[in-house]
**Q** 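Pasting in a structure now, in structure tokens, and then I'll have a few things to ask.
From a predicted model like this one, the values you see are computed outputs, not experimental measurements. Side chains are part of it too, since the values below use all heavy atoms of this structure and drop only hydrogens, waters and symmetry mates.
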Amino acid sequence: MDYTEFLEISPEVKEALAANRPVVALESVMVAHGLPYPVNIETGLKMEEIIRENGAVPATIAMLDGKLKVGLSREELHHIGDPSLHLAKASRRDLPVLAAQGKSSATTVSATMIAAHMAGIEIMTAGGLGGVHRGAERTMDISTDLEELAVTPVLILCAGAKAILDLGLTLEYLETKGVPVVGYQTEDFPAFFTRKSGFPAGHRLDTPEQVAAAFQMERRMGYPGGMVVANPIPEEYAMDEKLIWGAIDEAQREAEEQGITGKQVTPFLLSKVSKITQGRSVEANLELSYANCRVAAKIACAYAAMK
């Protein structure tokens with residue numbers, strides 16, 4: 001299918017893909033919504049730099065004027081990080097309408113997966129995976145990230161699912177959808193801010209080459225969806241479990257009291273947790289994102305070498 005009507009790939013990324021060089025896709029929500037200005041832009045640029053240092057080409061993705069742009073320039077990264085623009089936060093359901101209207105938006109994991117797949121990129125990194133929210137048996141609040149993983153063949157390197165979620169149900173949902181879940185150098189599924197959640201990862205793999213081989217086999221076997229590779233936050237930046245779970249519980253109660261729902265839940269909870277932890281959760285978020293970029297680039301290099 002010809003996607004050129006609504007897809008634009010930067011020259012650097014296009015050249016890398018044509019030469020079978022490793023490319024790593026990055027979501028843009030963290031830059032547009034996840035951090036204060038100008039830390040957000042500095043973080044986005046540093047993540048790209050880390051991917052380059054580890055041998056791969058970064059491809060930050062966003063929708064600009066109705067086109068999915070794969071591989072943002074520095075100017076475009078500054079643009080989406082401008083808080084005065086109040087960019088939308090787009091997932092799968094939003095892309096057709098925004099494209100038809102010629103609008104701009106940041107992309108979530110699901111939207112980034114879609115654009116990456118259209119462009120021919122098979123590896124991406126994100127801080128944390130979306131999933132089943134606490135209380136989903138009442139609200140049906142389940143991230144489209146999980147559905148996207150069932151149908152789009154992209155490997156996501158993340159620090160597990162966001163700790164504000166119901167991690168047990170998130171893993172059950174992924175199992176139901178047949179999505180392989182790998183713990184990178186761990187048997188315990190990491191919980192974003194902490195290295196352990198108490199729930200087992202589906203499989204443990206210890207090297208980028210092992211991960212690349214497993215993903216290549218998934219492709220050869222004709223699976224329609226992707227793979228989750230969960231990389232624990234570096235030990236020196238992991239948060240005290242009692243502190244972070246207490247902060248999340250408090251933030252969750254406040255969200256329910258204020259009637260916050262839908263897309264507003266995650267940013268509210270993360271902001272509240274940051275206040276409770278006096279900013280330590282933000283530092284942990286940054287460091288786990290940098291660690292994910294390093295590992296994702298190494299996996300992308302190993303995967304490209306197998307083609």
**Q** Show which side-chain atoms of residues 14-23 pair as donor or acceptor with protein atoms under 3.5 Å away, not counting sequence neighbours.
**A**
from	atom 1	to	atom 2	distance (Å)
Asn20	ND2	Ala304	O	3.2

**Q** Between Thr125 (side chain) and Leu26 (backbone), is there a donor-acceptor pair under 3.5 Å?
**A**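 Such a contact is absent between Thr125 side chain and Leu26 backbone.
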**Q** Counting only heavy atoms not in Glu137, do more than 12 sit closer than 6.0 Å to its CD atom?
**A**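 Yes, because the 6.0 Å sphere around CD of Glu137 holds more than 12 heavy atoms from other groups.
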**Q** Measure from the side-chain N and O atoms of Asn40 to the backbone N and O of Ala32, and report whether any donor-acceptor pair falls under 3.5 Å.
**A**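 Not at all, since once roles are kept as given, no pair shorter than 3.5 Å links the two residues.
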**Q** Is there a path of hydrophobic side-chain contacts, each under 4.5 Å between heavy atoms of I, L, V, M, F, W or Y residues, that connects Val181 with Leu155?
**A**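 In one cluster with Val181: Leu155, no.
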**Q** Pairs in or reaching into residues 221-244: which pass side-chain hydrogen bond (donor to acceptor under 3.5 Å, both in side chains), with residues at least two apart or in two chains?
**A**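 Listed by first then second residue: Asn231-Asn292.
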**Q** Rounded to the nearest 0.5 Å, how far apart are CD of Glu27 and NZ of Lys89?
**A**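 That separation rounds to 9.0 Å.
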**Q** Would you check, one step at a time, whether the test side-chain contact (heavy atoms from CB on, under 4.5 Å) holds for Ile123 with Phe215?
**A** CA-CA 10 Å; Ile123 311 293; Phe215 186 58; 4.2 Å; yes
**Q** Kindly compute the distance separating NE2 (His133) from OG (Ser143), expressed to the nearest 0.5 Å.
**A**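 These two atoms lie 6.5 Å from each other.
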**Q** OG1 of Thr152 to CE of Met118: how many Å apart, nearest 0.5 Å?
**A**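 Result: 9.0 Å between the selected atoms.
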**Q** Show the nearest heavy-atom pair for residues Gly71 and Val13, with the distance to one decimal.
**A**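 Shortest heavy-atom separation between Gly71 and Val13 comes out as CA-CG2, 4.0 Å.
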**Q** Of all heavy-atom pairs between Pro153 and Val151, which one has the smallest distance, and what is that distance?
**A**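 Answer, listing the atom of Pro153 first, then Val151: CD-O, 3.9 Å.
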**Q** State whether the number of non-hydrogen atoms from other residues, nucleotides or ligands found under 6.0 Å of Lys67 atom NZ is greater than 12.
**A**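 Enclosed: over 12 neighbouring heavy atoms sit under 6.0 Å from NZ of Lys67.
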**Q** Which pairs with one or both residues in residues 295-307 pass side-chain hydrogen bond (donor to acceptor under 3.5 Å, both in side chains), sequence neighbours excluded?
**A**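 Passing the test, one end in residues 295-307: Glu122-Tyr303, Glu122-Lys307.
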**Q** Restricting to pairs with a member in residues 73-100, which pass ring pair (Phe, Tyr, Trp, His ring centres under 6.0 Å), not counting sequence neighbours?
**A**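 For residues 73-100, and leaving out neighbouring residues, there are no ring pair (Phe, Tyr, Trp, His ring centres under 6.0 Å) pairs at all.
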**Q** Mind checking whether Leu129 and Leu146 have side chains closer than 4.5 Å, heavy atoms only?
**A**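 A side-chain contact under 4.5 Å exists here.
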**Q** According to salt bridge (Lys or Arg N to Asp or Glu O under 4.0 Å), who are the partners of Glu42, at least two apart in sequence or on a separate chain?
**A**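 Per chain and number, Glu42 pairs via salt bridge (Lys or Arg N to Asp or Glu O under 4.0 Å) with no residue.
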**Q** Quick one: are Arg52 and Pro58 in side-chain contact, heavy atoms under 4.5 Å?
**A**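 A side-chain contact under 4.5 Å exists here.
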**Q** Show the nearest heavy-atom pair for residues Leu165 and Thr170, with the distance to one decimal.
**A**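 Result for this residue pair: CB-OG1, 4.3 Å.
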**Q** Treating Ile, Leu, Val, Met, Phe, Trp and Tyr as nodes and any side-chain heavy-atom pair under 4.5 angstrom as an edge, say whether Val228 and Leu167 lie in one connected cluster.
**A**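 Per the 4.5 Å side-chain linkage, Val228 and Leu167 are co-clustered.
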**Q** Which atom pair, heavy atoms only, marks the closest approach of Arg280 to Leu243?
**A**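 Scanning both residues, the minimum pair turns out to be NH1-CD2, 3.3 Å.
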**Q** State which residues pass side chain to side chain donor-acceptor pair (under 3.5 Å) with Thr207; sequence neighbours excluded, sorted by chain then number.
**A**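 Per chain and number, Thr207 pairs via side chain to side chain donor-acceptor pair (under 3.5 Å) with no residue.
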**Q** My understanding is that only residues two or more places apart in sequence, or in another chain, count here; which of them pass salt bridge (Lys or Arg N to Asp or Glu O under 4.0 Å) with Asp249?
**A**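 Checked Asp249 against salt bridge (Lys or Arg N to Asp or Glu O under 4.0 Å); matches are Arg134.
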**Q** Considering all heavy atoms of both residues, which atom of Ala126 and which atom of Val109 are nearest to each other, and what is their separation?
**A**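 Closest approach of Ala126 to Val109, heavy atoms only: CB-CG2, 3.9 Å.
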**Q** In Å and rounded to the nearest 0.5 Å, what is the CG to CG distance from Leu7 to Leu68?
**A**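 Taking CG in Leu7 and CG in Leu68, the distance rounds to 6.0 Å.
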**Q** Give a yes or no on whether the backbone of Ile61 and the side-chain of Thr107 come within a donor-acceptor separation of less than 3.5 Å.
**A**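 At least one qualifying donor-acceptor pair exists.
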**Q** Any chance you could measure Leu35, atom CG, to Ser289, atom OG, to the nearest 0.5 Å?
**A**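 Rounded to the nearest 0.5 Å, the CG-OG separation comes to 8.0 Å.
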**Q** State whether Asp206 and Arg204 are salt-bridged, where the test is any N-O pair (Lys NZ or Arg NE/NH1/NH2 against Asp/Glu carboxylate O) under 4.0 Å.
**A**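 Salt bridge flag = yes for Arg204 with Asp206.
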**Q** Within a strict 4.5 Å, meaning less than it, do heavy atoms of the Met30 and Leu286 side chains meet?
**A**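 Yes, side chains in contact.
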**Q** At their closest point, which heavy atom of Gly226 faces which heavy atom of Glu218, and how far apart are they?
**A**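 Here Gly226 and Glu218 meet closest at O-OE2, 2.8 Å.
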**Q** Side chain to side chain donor-acceptor pair (under 3.5 Å) with Arg92: which residues, sequence neighbours excluded?
**A**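 So Arg92 forms a side chain to side chain donor-acceptor pair (under 3.5 Å) with Glu148.
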**Q** Are side-chain heavy atoms of Phe6 and Leu95 found at a separation under 4.5 Å?
**A**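 SC-SC contact between Phe6 and Leu95 ruled out.
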**Q** Do you know which of Val211, Thr186, Val229 makes side chain to side chain contact (heavy atoms under 4.5 Å, CB included) with Leu205?
**A**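 Going through Val211, Thr186, Val229 one by one, the side chain to side chain contact (heavy atoms under 4.5 Å, CB included) with Leu205 is satisfied by Val211 alone.
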**Q** Suppose we screen for side chain to side chain contact (heavy atoms under 4.5 Å, CB included). Which residues come up paired with Glu53, at least two apart in sequence or across chains?
**A**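 Residues passing side chain to side chain contact (heavy atoms under 4.5 Å, CB included) with Glu53: Glu49, Ile50.
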**Q** For the backbone of Ala111 and the side chain of Ser91, can you confirm whether one donor and one acceptor N or O come within less than 3.5 Å of each other?
**A**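 No; zero donor-acceptor contacts below 3.5 Å.
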**Q** For atom CE of Met306, decide whether the heavy atoms of other residues, nucleotides or ligands shown that lie under 6.0 angstrom number more than 12.
**A**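 Correct, the count exceeds 12.
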**Q** Sequence neighbours excluded, which residues qualify as side chain to side chain donor-acceptor pair (under 3.5 Å) partners of Glu147?
**A**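 With sequence neighbours excluded, Glu147 shows a side chain to side chain donor-acceptor pair (under 3.5 Å) to Tyr173, Lys177, given in chain and number order.
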**Q** Side-chain heavy atoms under 4.5 angstrom apart, residues restricted to Ile, Leu, Val, Met, Phe, Trp, Tyr: same cluster for Met63 and Val29?
**A**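 No; tracing contacts between hydrophobic side chains, which count when under 4.5 Å, never links both residues.
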**Q** Mark yes or no for whether Lys162, through its side chain, and Gly128, through its backbone, hold a donor-acceptor pair below 3.5 Å.
**A**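 At least one qualifying donor-acceptor pair exists.
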**Q** Determine whether Ser197 and Phe192 make a side-chain contact, defined as any pair of heavy atoms from C-beta on separated by less than 4.5 Å.
**A**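 No; the side chains remain at least 4.5 Å from each other.
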**Q** My understanding is that a hydrophobic cluster links ILVMFWY residues whose side chain heavy atoms are under 4.5 Å apart, including indirect links. Using that, what else belongs to the cluster containing Leu87?
**A**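 Val31, Tyr37, Ile41, Leu45, Leu64, Leu72, Leu77, Ile80, Leu85, listed by chain and number.
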**Q** Side-chain heavy atoms under 4.5 angstrom apart, residues restricted to Ile, Leu, Val, Met, Phe, Trp, Tyr: same cluster for Phe189 and Met227?
**A**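 Each belongs to a different hydrophobic cluster.
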**Q** Just jot down the side chain to side chain donor-acceptor pair (under 3.5 Å) partners of Glu254, sequence neighbours excluded, or say none.
**A**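 Checked Glu254 against side chain to side chain donor-acceptor pair (under 3.5 Å); matches are Gln258, Lys272.
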**Q** How long is the straight-line distance from SG of Cys158 back to CE of Met124, given to the nearest 0.5 Å?
**A**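 One gets 9.0 Å once the value is rounded to the nearest 0.5 Å.
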**Q** With the side chain counted from C-beta on, respond yes when Met47 and Thr43 share a heavy-atom pair under 4.5 Å apart, and no when they do not.
**A**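 Of all side-chain heavy-atom pairs linking Thr43 with Met47, at least one is under 4.5 Å.
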**Q** Please determine whether residues Val282 and Ile164 belong to a single hydrophobic cluster, defined as Ile, Leu, Val, Met, Phe, Trp and Tyr linked transitively by side-chain heavy-atom distances below 4.5 Å.
**A**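 No; tracing contacts between hydrophobic side chains, which count when under 4.5 Å, never links both residues.
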**Q** Give a yes or no on this: more than 12 heavy atoms of other residues, nucleotides or ligands lie within 6.0 Å of atom CZ of Arg219.
**A**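 Correct, the count exceeds 12.
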